[in-house]
There are 2 protein chains.
Amino acid sequence: MNSEDFAPVIIGKLLNIGGMLQRSGNQLLLPFNLNQQQFSILFSIEKAGKVQQKSMVNQLMLEKAHVSKIVKKLSEMGLIEIKADSEDKRSSWLSTTPEGSKIMKQCQKIITEWNKRWINGIDKNQLKSIADDLTLLQSVFKNGIEK
Amino acid sequence: MNSEDFAPVIIGKLLNIGGMLQRSGNQLLLPFNLNQQQFSILFSIEKAGKVQQKSMVNQLMLEKAHVSKIVKKLSEMGLIEIKADSEDKRSSWLSTTPEGSKIMKQCQKIITEWNKRWINGIDKNQLKSIADDLTLLQSVFKNGIEK
DNA sequence: ATAAATTAGTTTCCATGTCAACTATTTTTA
DNA sequence: TAAAAATAGTTGACATGGAAACTAATTTAT
């Protein structure tokens, strides 16, 4: 078995796992009226302190229209605050409201519980090696595949 | 850093990579009027020779309603054939038409080219270890996380 | 053997994700 | 410095994905 044979297997599994995780995440976040993507945006905002949409578009590799709509929803839900950027009138700064932070903590608690269950039985060193592998793949796919 | 710290990192990366691959796949398959999910169903049918919806629902962990709609679309596109199951009138057997097989081959050619580009520079042994890691994760997530 | 439960697949409704076109602003360049 | 290009974000149209309710057939249990 040579390198080219592993590629489709890896892609297939990544797609399959990604889909399963997305659906599990949606289920897990249902009580908060958030889905996995919305959570990841809220998480990014919380983590950054304050952030502009463009940086999330670049980091998370999402459609800007998509991010825009999620930001709108999160704002309407009262989870984030939008402040005009004094230096660039096209842009604005996003940050979580106290309510948003509170929801985040609740979400993370549930997710942590869920994580504990699936890592159960997997060796710590293997987890580390998986994380490293995924870091590699992430950068490979993120930087785009050149012609 | 202990096991619990790796979990959210791994999940985050898997979700991110899964999303990127899905979007790349959709782009790649655009000329064929298929998206990544539709392709994966068509691929499953081609690979199996003949198959029923239920087995794809179980293997790919997709919503049965979703599979049903994709099957309808593929059939309307003339890529698959639907034959009644003589033993169970609720069910039917799916198989690719010659046209479907032709399209599949074209898709796979493009995907193979794309794969060659991203595996470029990654060691074969590392690819093998990534594939093994993903097999583990796939089974962990597929079998569901028990309470 | 019949009623109840399960299973395979479909349909409907609705939220979501994506694309393209758009506005407004900022940066580049000629 | 004025025109052209690029950038940040929004909007509208449209296909997709998912939950629930549904039909029809099959299996299980009484």
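Please read these numbers as outputs of a predicted model, since none were measured by experiment.
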When rounded to whole Å, the CD1 to P distance for the pair Ile41(A) and dG9(D) reads 12 Å
Reckon Lys89(B) touches a base, only the sugar-phosphate, or nothing at all at heavy-atom distances under 4.0 Å?
sugar-phosphate
Do Thr112(B) and Glu4(A) have side chains that approach each other closer than 4.5 Å (heavy atoms only, starting at C-beta)?
no
Value in whole Å for how far the C1' atom of dT26(D) lies from CG of Asp85(B)
12 Å
Nearest of dG9(C), dA19(D), dT16(D) to any side-chain atom of Gln38(B)?
dT16(D)
Of the candidates dA8(C), dT16(C), dT11(D), the side chain of Lys73(A) sits closest to dT16(C)
Measure from the side chain of Gln53(A), starting at C-beta and using heavy atoms only, and say which of dA8(C), dA25(D), dT10(D) lies closest.
dT10(D)
State whether the distance check finds a donor on one side and an acceptor on the other, under 3.5 Å, for side chain Arg90(A) versus base dT26(C).
no
Measuring from the side chain of Lys72(B) (C-beta onward, heavy atoms only), which nucleotide among dT11(C), dT25(C), dT18(C) has the closest atom?
dT11(C)
Rounded to the nearest Å, what distance is computed from the CG atom of residue Leu34(B) to the C1' atom of nucleotide dA15(D)?
14 Å
Spell out yes or no: do the side chain of Lys69(A) and the base of dG12(D) have one donor N/O and one acceptor N/O closer than 3.5 Å?
yes
From Val9(A), Leu134(A), Asp132(A), Leu137(A), residue fulfilling side-chain contact (heavy atoms from CB on, under 4.5 Å) relative to Ile130(B):
Leu137(A)
Starting at the 5' end of DNA chain D, which residue's closest nucleotide do you reach first, Asn26(A) or Gln52(A)?
Gln52(A)
Between C1' on dT6(C) and NZ on Lys64(B), what's the gap in Å once rounded to a whole number?
10 Å
Between dG17(D) and Gln22(A), is there an OP1 or OP2 to side-chain N/O distance shorter than 4.0 Å?
no
From dG9(C), dT11(D), dT16(C), nucleotide with atom closest to Lys54(B) side chain
dG9(C)
Do you know the tightest heavy-atom contact between Leu74(B) and Ile41(B)?
CD1-CG2, 3.9 Å
Could you state the atom-to-atom distance from CD of Gln27(B) to C1' of dC19(C) in whole Å?
9 Å
Can you tell me how far C1' of dA15(D) sits from CG of Leu29(B), to the nearest Å?
16 Å
Test item: Leu34(B) and Leu79(B) side chains (from C-beta on) under 4.5 Å apart, heavy atoms
yes
Touch class at under 4.0 angstrom, heavy-atom based, for Ser91(A) against every strand present
sugar-phosphate
5' precedence on DNA chain D between Ser55(A) and Gly19(A) (nearest-nucleotide basis)
Ser55(A)
How is Gln36(B) classified with respect to the nucleic acid when contacts are heavy atoms under 4.0 Å: base, sugar-phosphate, or nothing?
nothing
Quick check: on DNA chain C, is the nucleotide nearest Ser86(A) upstream (toward 5') of the one nearest Glu63(A), or the reverse? Name the residue that is more 5'.
Glu63(A)
Output the rounded distance in Å from CD (Gln37(B)) to P (dT18(C)).
12 Å
Just compare dA20(D), dC19(C), dA8(C) and give me whichever is closest to any side-chain atom of Ala65(A).
dC19(C)
For Gly49(B) against Ser95(B), the heavy-atom pair lying closest together:
O-CB, 3.3 Å
Any Asn35(A) side-chain N or O less than 4.0 Å from OP1/OP2 of dG17(C)
yes
Can a donor-acceptor pair be found between the side chains of Glu46(A) and Ser101(A) at a distance below 3.5 Å?
yes
Rounded to the Å, how far apart are Leu60(A) CG and dG17(C) P?
13 Å
